[in-house]
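Worksheet for the structure shown next.
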Amino acid sequence: MLLNESQQRAVAHDGKHALVLAGAGTGKTATLIARAVELLRRGVRPDQIILVTFTRRATRELRERLTVEVGEVAERLRVGTFHRICLDLMRLEPDAFDLRSYTIIDEDDREQLMRLARGRVLPNDDGDRGSTLPKASQLVTWLSYARNANIPVQQYLESQKIFDEQQLANVLAVYGTYEERKTSAKYLDFDDILRRCATILISQRAVRERIVGRILHVLVDEIQDTSTLQWQLLHALRQKATLFCVGDDAQSIYAFRGADFKTVHSFAERVKGADIYYLTQNYRSTQEVLDVSNWLLAESPLKYNKELQAIRGHGSKPLLVECDDDLAQGLWVAGDMDRRHAAGAPWQSMVVLVRTAFSARTVETACIERGIPYVFVGGTSLLKASHVRDVLALLRVALNLNDEVAWMRYLTLWKGVGDRTAERWVQQVGACESLQQAAEFLYRAKPDPKGPAMPLLHLLAHTTSTADQVAAAVQALDPLLATKYQYEQWEQRKKDLELLIRIANRFGTLATFVEEFVLDPLHATQVSPQDDAVTVSTVHAAKGTEADVVYLARADVGQYPHSHARDEDEIEEERRVLYVALTRARDELILMRSPEHIASWGAQYCFLDTLRAGLVTVVESGSRRREAWQILSSLDGVVPDIDDMD
DNA sequence: TTACGTCCACTTTTT
DNA sequence: GTGGACGTAA
């Protein structure tokens, strides 16, 4: 690995804590990896080093690159997201963290539980009192934000000034019920993982000494996205360990998760005596790509003091392709990728970026039509698919009889069992000593050889391997699910379940399988049969990656800034999202627009509206609506009526 | 209490 | 195309 002088200086850092402030494409990750290698070279044991990343994808990539550098030793380094690392640390002393029996729940379950809590606080909605109670998803969002930003939720809600006293009391009552039920069901939500780890490490000195004593170095990627809660963890860890953080304030795009990019600026005060290193030379992109990126930041009222210079020199100007609509954009992108591939470029040298998972759909459609292999990063995971959740509900109740949300889902699968009956039964089975007992209870309650007791017994009879257990669950639910999904691509869904069994094969116990699957759910499209494929990704998921050719689909009004952005801060975060997107490109950047796009709400402009023509080459797309449709239809030889397009 | 039809909004970003 | 909220019939 070749490093420049400033990178080498950072890697060779010899003091206590260090912050590496690095612009996009300046070799942040390379420096982080080189630092880990350097520490190993200095004789630090691999298990004394922690590497924290921000997304699961970044974890995978970091591990891969580490393996290239140091081989098998990479396996023994602790690499992971904050959540993964916290769980690993807590597992060192499960008793100290009260971690013996629990189920980790994802956002959907959390929302489900919030819905139950919400219904309980105002069970008899007598008109407007109930209707003023916000939706479960909104309640989860607020609670989660407050916890990550480490603000008492009451204080946070008061500061938002959205409620009168009565409403606030209701909301807080829902939160109280939520916490109670979470405890009785033995759930850990994503925030609890961090919170519990931080609380114990901070409050219990002996535990902290034992746990933190094992760690000498903590290397953190994307430090600008660290939330207040995560900072607390870092503070606990750095009492013994040395921090080495890399980040870029201009790439902070996780404020919604409680991150405050300004903490990068106050790093030296936060972490006394820290050395700060700067990386300014961009190795990734051509100057033309950086000119647009620099322009975007310079337009901001905030001072980022970033002016990236391309070491690689000049290339071709970014393209601004104007299409009639989204479909035309997708087709243009697919056509252009096809052309490049025909000319010898591998699919994997191209990336299509989108602001939202939803807006990837037109691109996906176009790729499918053209037969372009693609992998979609982000979006609906296999876990979210409802048939997979059905099977997991069965597995989860087997692991945790108090798993209320899973019981509700499982029991209401049966004909004749609705919310009320299920809720009554949940109380009963929760009090059971064993799964066997629970099954017996259910059989007494509903003496049906094809009833809800049977899959539980079936599961009890299969214990040879994790895959065997999952297969047993799938088999036991098969007739039920076949009926439930008979009109909804049951054959395809069944294949997902077979995939689930194959994945289960990798895990030693059912408990670890279920836990890992929640923490790192496979994305259905990740399981691509082809090695060489185009990547379609959200900008958030693409952070830290790069590609020769980057298409930014739908660089339109309503997307950058996204119409959800309300105030100045959120608008500026949107600018950074766009900045992250632009700086992914190595050789070519292609911006796709449909100028007539109008937002029904939110900002009525796009940052790129004021882009000076000199910075890009504007292309009027040839694929007008009608022509686009003809290209599309000629692929399978059928020319449908133009009116069928909508 | 459950099942089912219909209307509705909804699709930011991740762990 | 999905899932929730709501009304109504059995």
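Model, not experiment: these values are computed from the prediction. These numbers come from the heavy atoms of this one structure, side chains and all, not from hydrogens, waters or symmetry mates. By convention in this document, chain letters (A, B, ...) are assigned in the order of the sequence lines, proteins followed by strands, and residues within each chain are numbered from 1.
Note on A:Glu573: nothing from the nucleic acid sits closer than 4.0 angstrom, heavy atoms only. Backbone-only engagement by A:Phe54 is indicated by non-hydrogen atom pairs under 4.0 Å involving sugar-phosphate atoms exclusively.
Each of A:Ser137 and A:Arg257 was matched to the nucleotide of DNA chain B holding its nearest heavy atom; the match closer to the 5' end belongs to A:Ser137.
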- State the dot-bracket string of DNA chain B. Criteria: Watson-Crick or G-U wobble, both atom distances under 3.5 angstrom; notation: ( ) intrastrand, [ ] crossing earlier pairs, | interstrand, . unpaired. |||||||||......
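There is no side-chain donor-acceptor pair under 3.5 Å between A:Gln230 and A:Gln232. Using a 3.5 Å distance cut-off with no hydrogens or angles, the side chains of A:Asn170 and A:Arg118 do not pair a donor with an acceptor. With no hydrogens or angles considered, no side-chain donor-acceptor pair links A:Arg355 and A:Ser359 at under 3.5 Å. A:Gln329 and A:Ser594 share a side-chain donor-acceptor pair at under 3.5 Å. Defined by atom type and a distance below 3.5 Å, a donor-acceptor pair is missing between the side-chain atoms of A:Gln559 and A:Arg593. Remark: the A:Tyr374 side chain and the A:Glu364 side chain contain an N/O donor-acceptor pair separated by less than 3.5 Å. A:Thr59 and A:Thr53 form a side-chain donor-acceptor contact under 3.5 Å, judged by distance and modelled atom types alone.
In this structure, the CD1 atom of A:Ile571 is 15 Å from the C1' atom of B:dT13, given to the nearest Å. Whole-Å rounding puts the A:Tyr145 OH to B:dT15 C1' distance at 16 Å. Per the geometry, NZ belonging to A:Lys543 stands 11 Å off P belonging to B:dT14, to the nearest Å. When the P atom of B:dT11 is taken as reference, atom NE2 of A:His562 falls 10 Å away, rounded to whole Å. Taking atom CZ of A:Arg554 as the reference point, atom C1' of B:dT11 lies 11 Å away to the nearest angstrom. When the P atom of C:dG3 is taken as reference, atom CZ of A:Arg409 falls 8 Å away, rounded to whole Å. Look at CG on A:Asp390: it is 11 Å from P on C:dG3, rounded to the nearest Å. Distance CG (A:Leu116) to P (C:dG4): 12 Å, rounded to an integer number of Å.
Using a 4.5 Å cut-off on side-chain heavy atoms (C-beta onward), A:Leu477 and A:Tyr410 make contact.
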- Task: Kindly determine whether A:Phe517 and A:Thr512 satisfy side-chain contact (heavy atoms from CB on, under 4.5 Å), including the steps that lead there.
- Result: CA-CA 8 Å; A:Phe517 201 67; A:Thr512 49; over 6 Å; no
- Query: Which is it for A:Tyr304 and A:Leu296 under the side-chain contact (heavy atoms from CB on, under 4.5 Å) test, yes or no, and what are the steps along the way?
  - Reply: CA-CA 11 Å; A:Tyr304 292 104; A:Leu296 180 69; over 6 Å; no
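Among C:dG3, B:dT14, C:dA5, the nucleotide with an atom closest to any side-chain atom of A:Ala541 is B:dT14. Considering only the side chain of A:Thr55, B:dT15 comes nearest among B:dT15, B:dT13, C:dA5. Counting only heavy atoms from C-beta on, A:Arg355 has its side chain closest to B:dT13 among B:dT14, C:dA5, B:dT13.
For A:Arg56 and B:dT15, the shortest distance from a side-chain N or O to OP1 or OP2 is below 4.0 Å. For B:dT14, the OP1/OP2 oxygens have no side-chain nitrogen or oxygen of A:Thr81 closer than 4.0 Å.
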- Message: For nucleotides 2-9 of chain B, give me one character per nucleotide, 5' to 3': B if any protein heavy atom sits under 4.0 Å from the base, S if the only such contacts are to the sugar-phosphate, - if neither.
- Response: SS------
